[in-house]
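This report concerns only the one structure given below.
Since the model is a prediction, treat every value here as computed from it, not as a measurement.
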Amino acid sequence: MKRNIVIAVVTAAALVGGGTATALAVSGDDDDASTPVTRTDDDREDRDDRDDRSDDGGDDSDDGDRAAAPGDVTAADAIAAALKHTPGTAVSAELDDGSWEIDVLGKGDTWHSVRVDPGTGKVLGSSKDDEDDAAEVRAALKGTSVTAEQAAKAAAAKGTVVSVDLDDDGDDRGWEAETRASGGDGQDWSVGLTTASVTADRDDD
């Protein structure tokens, strides 16, 4: 008498190249030839190992969000430090890239860009600039009595000064100053070249 035997054998459970190979042999009646069935679950998930790593260096802070707030050194202080290092006439001062940058017109037509640390007041370095508007600047400042440093001090009554620049265009000559409130809002001001009077810039939005 023939007995029907069903045998299920798992012949392999090995990982091959990221997939699982399983061989299943099923035998029916003794008269039937056993039919091996092999199935390869080659469901490879090519996961990059980087997905399992913590992104330690991915948070590159943009040092140039560049909206660095001034430290203890005011615009007037930075101008004074720059002029002590490089004598001449300060024409502009701006807080940029984490340092004060002061443009100084020296002897003749020589321009200098002086960088000052906003936390310590130390001069970080200076370089010569190639500018050709020295004559225009000297003409705009002729007969005036308010310096860039004095303009910065006057504008400081309106907020924290982050830039001072000479506007030498036409009849509206004067110092332009930008202040920033504690909340981060900016405001532009005009400072008179002879009176140091501070008024809101008409062109400011």
Exercise. Looking only at side chains, do W189 and T199 share a donor and an acceptor under 3.5 Å apart?
Worked result: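 Absent: no donor and acceptor within the cut-off.
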Can you tell me if [X] uses its side chain to pair, donor with acceptor, with the backbone of [Y] under 3.5 Å?
X	Y	answer
D133	E136	no
R138	L105	no
S113	D129	no
W100	A82	no
T144	V146	no
R173	A140	yes

Using 0.5 Å steps for rounding, measure from the [atom1] atom of [X] to the [atom2] atom of [Y].
X	Y	atom1	atom2	value
D167	S190	CG	OG	7.5 Å
D103	T86	CG	OG1	11.5 Å
H85	S126	NE2	OG	4.5 Å
D117	S99	CG	OG	8.0 Å
E176	D188	CD	CG	7.0 Å

Side-chain contact test, heavy atoms from C-beta onward, threshold under 4.5 Å: evaluate it for [X] versus [Y] and give yes or no.
X	Y	answer
V104	T89	no
K158	V198	yes
L166	W175	yes
R115	V123	no
D72	D77	no
T74	V161	no

So which atom in [X] and which in [Y] form the shortest heavy-atom distance, rounded to 0.1 Å?
X	Y	result
S92	D165	CB-OD1, 3.3 Å
S145	Q150	O-OE1, 3.1 Å
G121	A81	O-CB, 3.7 Å
V164	A151	CG1-CB, 4.4 Å
V191	A155	CG2-CB, 4.4 Å
I79	A152	CD1-CB, 4.5 Å

Problem set entry | V137 vs D168, side chain to side chain contact (heavy atoms under 4.5 Å, CB included): CA-CA, chis, key distance, verdict | CA-CA 7 Å; V137 170; D168 58 358; 4.2 Å; yes
For this session: Tell me, with the steps shown, if K128 and T110 meet side chain to side chain contact (heavy atoms under 4.5 Å, CB included).
Result: CA-CA 7 Å; K128 289 185 178 181; T110 304; 4.3 Å; yes
